[in-house]
Protein chains: 2
Amino acid sequence: MDDAAPKTRIQIRNRKVILTAGLEVFSANGFRGATLDQIAREAGLSKPNLLYYFPSKEAIYTALLDALLDTWLDPLRALDPTGDPITEILGYAQRKLALSRDFPRESRLFANEILQGAPMVRDLLKTDLKALVDNRAEVLQNWMDAGLIRRTDPVHLIFSIWSLTQHYADFDVQIRAVLDEEDPFPGAECFLDQLYRSLLEPRAR
Amino acid sequence: MDDAAPKTRIQIRNRKVILTAGLEVFSANGFRGATLDQIAREAGLSKPNLLYYFPSKEAIYTALLDALLDTWLDPLRALDPTGDPITEILGYAQRKLALSRDFPRESRLFANEILQGAPMVRDLLKTDLKALVDNRAEVLQNWMDAGLIRRTDPVHLIFSIWSLTQHYADFDVQIRAVLDEEDPFPGAECFLDQLYRSLLEPRAR
DNA sequence: TCATGATTTGACCGCTTGGTCAAACTCACG
DNA sequence: CGTGAGTTTGACCAAGCGGTCAAATCATGA
């Protein structure tokens with residue numbers, strides 16, 4: 001954003017510590033709900049010390065969001081137009097689900113931001129994200145036109161993968177309250193596989 | 001909660017006005033992010049006047065959540081064990097989607113609460129919600145055992161309907177940023193129908 | 001060793017927060 | 001009209017908020 005490359009080892013370490021603490025606190029409380037005191041306590045630093053490494057609360061938040069958005073969309077970018085369609089789409093869903101399992105706080109940070117109207121990233125959604133989705137929807141459309149997968153709305157298909165996978169991170173509390181098992185992810189993997197296979201595999205005629 | 005039946009017309013009207021304003025503000029900012037001043041402004045009342053009708057900020061919030069939870073789960077309760085399975089499940093998904101279309105703020109209020117760890121409703125989830133889901137999962141399981149729909153995990157099936165339908169309310173900003181059309185709901189209806197038909201309709205053998 | 005820049009912090013500031021309270025106002029009803 | 005319960009609000013409070021600053025401490029290389 002505004003910060004050039006950090007120099008000393010201490011800077012690198014402390015910026016990392018602060019971002020980790022910020023992720024913890026922002027993802028659990030949203031931007032407005034989080035406080036610098038909470039983040040400072042979580043990071044084991046004093047409040048003025050936070051503001052020595054980041055110019056403001058908002059700077060910590062946007063640094064997190066910026067880093068997040070890239071890695072978050074990588075699985076979608078990785079979808080290979082020359083690969084086997086069903087394998088590619090199922091693989092995408094599984095990679096996205098793995099992100100929810102391994103980085104639930106990142107998922108909740110993003111969910112909080114969108115839920116509250118995406119004040120910081122709305123423009124990026126309309127440009128970068130829209131361009132990526134339009135592009136990948138075209139890949140899906142080509143597969144459908146070639147009869148390799150059944151016809152359906154490609155954009156809603158992408159939405160459904162986002163929704164179903166992120167749900168297991170964002171609504172974690174609800175899922176664990178309802179489910180008997182400890183770990184919902186094996187069941188989720190299996191269900192998603194079955195769901196998208198049913199939807200996409202061309203029927204014998 | 002603590003309040004008995006309101007008496008005068010003014011009380012009925014103002015409690016309603018406050019709850020409407022509270023819904024607007026809480027759903028857009030979460031509990032911690034919302035302020036009484038915002039709610040008072042939205043309601044057209046003074047801040048001390050809010051606290052004449054509700055004992056605290058939290059009381060407004062929990063009153064909203066309590067009212068919400070009931071209506072939110074009605075479509076699931078309405079699932080008829082004696083009806084046609086596919087019609088019932090598709091109907092449930094469509095009714096839930098209609099809730100997202102017609103009451104997006106309620107959906108976002110709930111999403112905020114869950115996302116932030118469900119501090120106010122966690123116990124209800126573990127008792128009431130779990131009981132309801134267990135019960136409806138049994139209905140689904142019976143349909144599967146009878147061969148009326150294909151076998152799949154009934155609880156993950158319910159999760160998927162929640163996830164896919166609420167997504168259109170909770171991630172509204174993202175969807176509108178990506179989608180070309182104004183109104184995502186006709187496309188969503190169609191997609192969900194196709195998705196669950198593919199998953200559930202028994203295959204010819 | 002010292003000097004210099006990087007790092008850390010206690011004290012503080014102006015503002016917002018949820019909430020209180022006494023005083024004022026409104027209104028139905030005898 | 002009057003009177004008492006119901007309603008409204010300006011002024012206020014203590015706590016918490018994001019952020020500042022000067023002074024203290026630390027680290028490092030000459």
Tabulate below the donor-acceptor pairs under 3.5 Å that side-chain atoms of residues 81-92 of chain A make, not counting sequence neighbours, or state none.
{"residue": "A:Thr82", "atom": "OG1", "partner": "A:Asp80", "partner atom": "OD1", "Å": "2.9"}
{"residue": "A:Thr82", "atom": "OG1", "partner": "A:Asp80", "partner atom": "OD2", "Å": "3.1"}
{"residue": "A:Asp84", "atom": "OD2", "partner": "A:Thr87", "partner atom": "N", "Å": "3.1"}
{"residue": "A:Asp84", "atom": "OD2", "partner": "A:Thr87", "partner atom": "OG1", "Å": "2.5"}
{"residue": "A:Glu88", "atom": "OE1", "partner": "A:Asp80", "partner atom": "N", "Å": "2.9"}
{"residue": "A:Tyr92", "atom": "OH", "partner": "A:Trp162", "partner atom": "NE1", "Å": "2.9"}

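Across the protein-nucleic acid pair, B:Leu45 atom CG and D:dG10 atom P stand 12 Å apart, rounded to whole Å. Counting to the nearest Å, the P atom of D:dT9 and the CZ atom of B:Arg41 are 15 Å from each other. If you take NZ of A:Lys47 and P of D:dG16, they are 11 Å apart, rounded to a whole angstrom. Between A:Arg13 atom CZ and C:dT8 atom C1' the separation is 12 Å, expressed in whole Å. Between the CG atom of B:Leu36 and the P atom of C:dC15 there is a distance of 21 Å, given to the nearest Å. Summarising the geometry, the separation between CD1 on B:Ile12 and C1' on D:dG6 is reported as 14 Å, rounded to the nearest angstrom. In this structure, the CG atom of A:Asn29 is 11 Å from the P atom of D:dC17, given to the nearest Å. Counting to the nearest Å, the P atom of C:dG18 and the CZ atom of B:Phe54 are 16 Å from each other.
Partners of B:Arg151 by salt bridge (charged side-chain N to carboxylate O under 4.0 Å, His left out), not counting sequence neighbours, listed by chain and number: B:Asp145. For A:Ala98, the side chain to side chain contact (heavy atoms under 4.5 Å, CB included) test picks out A:Arg101, A:Asp102, with sequence neighbours left out. Partners of B:Glu106 according to the salt bridge (charged side-chain N to carboxylate O under 4.0 Å, His left out) rule, which considers only residues two or more places apart in sequence or in another chain, do not exist here. A search for ring pair (Phe, Tyr, Trp, His ring centres under 6.0 Å) contacts involving B:Tyr61 returns B:Phe26, B:Phe31, not counting sequence neighbours. Under the ring pair (Phe, Tyr, Trp, His ring centres under 6.0 Å) criterion, A:His156 pairs with A:Phe159, B:Tyr168, not counting sequence neighbours. With sequence neighbours excluded, the residues forming a salt bridge (charged side-chain N to carboxylate O under 4.0 Å, His left out) with B:Asp37 are B:Lys47, listed by chain and number. Partners of A:Asp123 according to the salt bridge (charged side-chain N to carboxylate O under 4.0 Å, His left out) rule, which considers only residues two or more places apart in sequence or in another chain, do not exist here.
In terms of position on DNA chain D, the residue among B:Arg32 and B:Asn14 whose nearest nucleotide sits closer to the 5' end is B:Asn14. When each of A:Gly44 and B:Glu58 is assigned the nucleotide of DNA chain C with its nearest heavy atom, A:Gly44 is the one assigned upstream, toward the 5' end. Heavy-atom nearest nucleotides on DNA chain D were determined for A:Leu51 and for A:Thr35, and the one closer to the 5' end corresponds to A:Thr35.
Listed nucleotides C:dG19, D:dT7, D:dG19 differ in distance to B:Ser56; the shortest reach to its side chain belongs to C:dG19. Side-chain proximity of A:Tyr53 to D:dT8, C:dT9, C:dT7: nearest is C:dT7.
Between the A:Arg108 side chain and the A:Ala169 main chain, a donor and an acceptor come within less than 3.5 Å of each other. With B:Glu113 contributing its side chain and B:Met120 its backbone, the two residues share a donor-acceptor pair below 3.5 Å.
Counting only residues at least two apart or on different chains, the side chain to side chain donor-acceptor pair (under 3.5 Å) pairs with a member in residues 175-188 of chain A are A:Asp172-A:Arg176, A:Asp180-B:Lys130.
Contact annotation: A:Tyr52 side-chain N/O to C:dT7 OP1/OP2 distance is under 4.0 Å. Phosphate proximity of D:dT7 to B:Gln11: present, with a side-chain N or O under 4.0 Å from OP1 or OP2.
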Contact list (N/O, under 3.5 angstrom) for nucleotides 21-27 of chain D vs protein:
none

Sub-3.5 Å pairs of nitrogen or oxygen atoms, protein against nucleotides 28-30 of chain C:
none

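Against DNA chain C, the stretch residues 108-121 of chain B makes no heavy-atom approach under 4.0 Å.
Around atom CD of A:Glu138, no more than 12 heavy atoms belonging to other residues, nucleotides or ligands sit under 6.0 Å away.
Backbone-only contact: B:Ala34 has heavy atoms under 4.0 Å from sugar-phosphate atoms and none from a base.
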